[in-house]
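Per chain, numbering begins at 1; letters A, B, ... match sequence-line order. Because the structure is a prediction, the values reported are computed rather than measured.
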Amino acid sequence: MRLSRYFLPVLRETPAEAQIASHRLMLRAGMLRQEAAGIYAWLPLGHRVLRKVERIVREEMDRAGAIELLMPTLQLADLWRESGRYDDYGAEMLRITDRHQRELLFGPTNEEMITEIFRAYIRSYRDLPKNLYHIQWKFRDEQRPRFGVLRGREFLMKDAYSFDLDVGQGRAAYNRMFVAYLRAFARMGLKAIPMKAESGPIGGELSHEFIVLAKTGESAVFLDRRMLDLPIPGDDLDYDGDLAGLVDAWTCHYAATDDVHDAARYERETAAEDRMSARGIEVGQTFFFGDKYSAPMKATVSGPDGVDRAVQMGSYGVGISRLVGAIIEASHDDAGIIWPEPVAPFGVEILNLRPGDAAVDAACDESYGALTAAGKEPLLDDTGERPGGKFATADLIGLPWQLIIGPRGLAEGSVELKRRATGERRSLPLDDALRAICG
RNA sequence: CGGAGUGUGGCUCAGUCUGGUAGAGCACCGCGUUCGGGACGCGGGGGUCGCAGGUUCGAAUCCUGCCACUCCGACCA
């Protein structure tokens, strides 16, 4: 992409509304525009990151055997009356009335709807297990939206729902999602630690929150620091195998958010030198809640014995839009964002320090072509802005590489290559720089 | 939902106390000089001062009501 043709409205000054780093940087980097409290338009740069996060989550869901569908944002109130949650949910649920005075709601989650879909088609244990998911915008009318996309009212969420014949198979389904989450967050460059959690309005007894450690996190967390070094399951993981051992390895150490923290247990189970307190941002949560929805909503299947029984269910959420903010909280400096490569909006920024200079233009065009062909998604700053401004913008939007091409270096046959994460810069011939980027 | 604030050009803000016909910096447009870490000169465009009433000869400024947004707390993916 050529910056001169792109839409990247960067702000030199920090908008007064933004308090925390990710919100401030998303506004300054031209990723996001607030349209109302907790409701945002995703500008092109932000949208690219959102899509990359979404893609990683989708790939890991598919790999774990989940099946994608798409449910609507609006749901009938009657559906929620079946589970009893219509009245329980309170003012956080945005209620809407259509022209026929039918009561609708903007979905804050989809347990009821997926259960309704499941029960309409699935009758036999032979059709189990099933895990259905979608990636859709949700709305929760927070009393106090804040922190930009970390706590918006409208947010993009992946939510998956598992259906199994019995508790044992339900647990196995839970384990598959648990492991898929470890992989998905790690692929985004995040350390996400599963922690024992309250299940809140979703219900159930077995639940984990996946918490990204970041200095500016919303809640205090306490954990065994040995969890930070646990290995992430590799591409060769067999989701049809028994994952219980893997899940045990990730849940046998103490890790809890402050709302469920048990100081006495913490001290009993964790050696003093392994105790670690930090701050964290929740980016996903898994629930196993059995027949909480399937029983009242009569989602039953016939078992091998011919007897109908309510299916065992779990649900598994990932805050896609929230993750974009969480990644920035975990990875930025005073100059701007530092994107992990897998979620960077573009792979490399080429800075043309002197548009109009034939040699510089030619070197930039050559680089742009080569990097595009190599799938590196280059962003070429070919604008008339002065070099200082280009450097500042490049650091702000934080692409992993900066390829700096100007007349001074080119006269000596070299360009400059900068690694955003480390700040390391070196001068080298263009071909070598391109090779280094393409790795 | 309690408490505290803020709404003035695209952004950051001054002006409000003490009423007199709207400013600065940045950004934007034109010309020129510049050009490797947010340049400079000259010229220029852009604002029903959140909205609605009211007081007054006159309201960004005073009064009343409303709306929006932000922060602290409670709450929450």
hbond_proxy [X] side chain to [N] base (donor-acceptor, 3.5 Å cutoff):
| X | N | answer |
| --- | --- | --- |
| A/Arg386 | B/U34 | yes |
| A/Arg151 | B/C75 | yes |
| A/Arg408 | B/G37 | no |

query: With respect to the side chain of A/Arg425, which nucleotide from B/G38, B/G37, B/C1 is positioned closest?
result: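 Among B/G38, B/G37, B/C1, the one nearest the side chain of A/Arg425 is B/G37.
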task: For A/Trp80, check ring-ring contact (aromatic ring centres under 6.0 Å, His included) against everything at least two apart and list the hits.
output: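 Listed in chain order: A/Tyr89.
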Between [X] and [Y] (judged by ring centroids, cut-off 6.0 Å), do the two rings come close enough to count as a pair?
| X | Y | value |
| --- | --- | --- |
| A/Phe7 | A/His47 | no |
| A/Phe287 | A/Tyr174 | no |
| A/Phe222 | A/His261 | yes |

field: Geometric cation-pi criterion, A/Arg2 with A/Tyr368: 6.0 Å, 45°
entry: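 Yes, A/Arg2 lies over the aromatic ring of A/Tyr368.
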task: May I ask you to verify if any side-chain N or O of A/Gln34 is less than 4.0 angstrom from the OP1 or OP2 atom of B/U70?
output: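 The answer is yes; a side-chain N or O of A/Gln34 sits under 4.0 Å from OP1 or OP2.
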query: Any side-chain N or O of A/Arg12 less than 4.0 Å from the OP1 or OP2 oxygen of B/G25?
result: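 For B/G25, OP1/OP2 do not have a side-chain N/O of A/Arg12 under 4.0 Å.
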- request: With RNA chain B as reference, determine whether A/Phe155 or A/Val415 sits nearer its 5' end, using the nearest nucleotide of each.
  value: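 Mapping each residue to its closest nucleotide by heavy atoms, the 5'-most match is A/Val415.
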field: Closest-nucleotide 5' rank along RNA chain B - winner of A/Gln143 and A/Glu35
entry: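 The residue whose closest nucleotide sits nearer the 5' end is A/Glu35.
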- prompt: Contact class for A/Lys158 (heavy atom, under 4.0 Å): base, sugar-phosphate, or nothing?
  reply: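 Here A/Lys158 touches no strand at all.
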- prompt: With sequence neighbours left out, what residues match A/Ile122 under side chain to side chain contact (heavy atoms under 4.5 Å, CB included)?
  reply: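 A/Ile122: side chain to side chain contact (heavy atoms under 4.5 Å, CB included) contacts with A/Phe118, A/Asp127, A/Leu128, A/Val301.
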statement: Heavy-atom contacts, protein to nucleotides 5-16 of chain B, under 4.0 Å, summarised as B (base), S (sugar-phosphate only) or - (none) per nt, yield ------BSS---
